[in-house]
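Below is one structure; the comments refer to it alone.
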Amino acid sequence: MAAFSLDHATMSYSVSPIGFVRSCFKEKFAIPRQPQLAPAARGVLELLAPFDTGEAVQGLEQVSHVWLLFLFHQALEERPRLKVRPPRLGGNKSVGVFASRATHRPNGIGQSVVTLDKVEPGRLWLSGIDLLDGTPVLDIKPYVPYADSVQGACNRIAEAAPPLIAVRWLDEALGQARRHGLRLDEPLVELIEQCLAQDPRPAYQNPPPERRYGARFWDVDVRWHYPEPGTICVLEVVAA
Ligand code: SAM
């Protein structure tokens, strides 16, 4: 909630979270770079008092998607950056911070349009998220299709979703993922495939097959490698 202490000299204004996201993503690595790229990425937004009684979300059950405004709480920096190197430009070309959706930005504010699966008093069930576990949410706004979907819009830096790469599984790893998915009651196989197909590795890395990568989804650690360029193979899915 906003603290009503607008400082007219600096226009500084303090805000505080209306809730926190409990997310499938326990670390930044391997989170898709935008929402909706991994529909199986689920989470719950737990609202704080006084928004947790049901009144504040009344009517939201009529809405399929919401905008979340949130704090990049694990990327906050003292000094704002003016130029950033977006991963989609290969990490070696820079653009102005306002031409990108980079996490390091003035005021540290992120925005994501996410699917609203269920509304309960004090709790919103979400999917298609790109948010780290524990992300503080500053505001929620309903998606308004006629206003938010702009005909003829273009962005020549990010024209289309990033290309996907092939994801294969070792048989044992697929069995492990299915078992953990059943235990968690979550679409874990889909989550892993959708996130790894985005190719989380930094663009400049061209790893040899023996190099292992890993990330945590829910309470499991997923490990994979690149047996050949353009292909990921999931090696194991084990309890964290
Ligand atoms: N859709 C948002 C936007 O445009 O403002 C986020 C885009 S940002 C490029 C997406 C990345 O933010 C994710 O891949 C993840 O690594 C990172 N991220 C997500 N939640 C975060 C948090 N709470 N703190 C820091 N980084 C976070």
Side-chain angles (χ1 to χ4, degrees), residues 15-46 48 65-81 83-91 93-116 124 126-143 148-150 153 155 157-165 191-205 213-218 222 224 232:
V15 293
S16 52
I18 51 108
F20 290 88
V21 175
R22 199 152 40 79
S23 158
C24 56
F25 298 120
K26 306 301 174 188
E27 57 183 280
K28 285 188 269 180
F29 186 52
I31 303 181
R33 295 190 178 119
Q34 285 302 337
Q36 303 300 329
L37 296 173
R42 308 203 316 174
V44 179
L45 169 50
E46 312 262 12
L48 298 173
H65 293 76
V66 286
W67 287 105
L68 299 182
L69 299 175
F70 60 91
L71 210 56
F72 287 117
H73 73 303
Q74 285 207 2
L76 296 174
E77 289 182 323
E78 283 285 308
R79 277 168 151 250
R81 298 186 193 191
K83 302 290 280 279
V84 294
R85 294 172 191 272
R88 81 149 51 223
L89 297 181
K93 276 199 209 134
S94 63
V95 295
V97 65
F98 299 130
S100 102
R101 302 276 284 259
T103 57
H104 295 286
R105 54 193 319 111
N107 298 315
I109 293 175
Q111 62 177 93
S112 293
V113 64
V114 301
T115 308
L116 181 57
L124 302 184
L126 309 170
S127 58
I129 61 176
D130 60 346
L131 308 172
L132 187 63
D133 193 47
T135 294
V137 173
L138 304 176
D139 201 357
I140 305 164
K141 301 194 188 198
Y143 182 80
D148 293 345
S149 165
V150 182
N155 178 337
I157 298 174
E159 298 217 70
L164 302 180
I165 70 165
L191 175 66
I192 294 169
E193 284 185 350
Q194 291 165 5
C195 293
L196 298 193
Q198 309 287 323
D199 196 359
R201 125 195 92 130
Y204 52 85
Q205 282 183 15
Y213 290 79
R216 185 166 298 174
F217 299 94
W218 297 114
V222 179
W224 68 91
I232 277 180

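Remember, it's 1-based here, ligands and their atoms both numbered in the order they're listed. In this chain, numbering begins with 1 at the start of the sequence shown.
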Shortest non-hydrogen contact between I140 and L45, atoms and distance =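 Closest heavy-atom pair between I140 and L45: CD1-CD2, 3.7 Å.
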How many angstroms lie between NZ in K83 and CZ in F98, if you round to the nearest 0.5 Å?
->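 One finds 13.0 Å between NZ of K83 and CZ of F98.
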[X] side chain vs [Y] backbone, donor-acceptor pair below 3.5 Å:
{"X": "S23", "Y": "L131", "answer": "yes"}
{"X": "K28", "Y": "A75", "answer": "no"}
{"X": "Q36", "Y": "V113", "answer": "yes"}
{"X": "Q198", "Y": "P32", "answer": "no"}

Kindly print each ligand 1 N/O atom paired with any protein N/O atom under 3.5 angstrom away, one pair per line, or none if nothing qualifies.
residue, atom, partner, partner atom, Å
ligand 1, 1 (N), Q34, OE1, 2.8
ligand 1, 1 (N), Q111, O, 3.0
ligand 1, 1 (N), S112, OG, 2.9
ligand 1, 1 (N), D130, OD2, 2.8
ligand 1, 4 (O), Q34, OE1, 3.4
ligand 1, 4 (O), R101, NE, 2.6
ligand 1, 4 (O), R101, NH2, 3.2
ligand 1, 4 (O), Q111, O, 3.4
ligand 1, 5 (O), Q111, N, 2.9
ligand 1, 5 (O), Q111, O, 3.3
ligand 1, 14 (O), I31, O, 3.1
ligand 1, 14 (O), P32, O, 3.0
ligand 1, 16 (O), K28, O, 3.3
ligand 1, 20 (N), L132, N, 3.1
ligand 1, 23 (N), H73, ND1, 2.8
ligand 1, 23 (N), T135, OG1, 2.9
ligand 1, 24 (N), H73, N, 3.4
ligand 1, 24 (N), Q74, N, 3.1

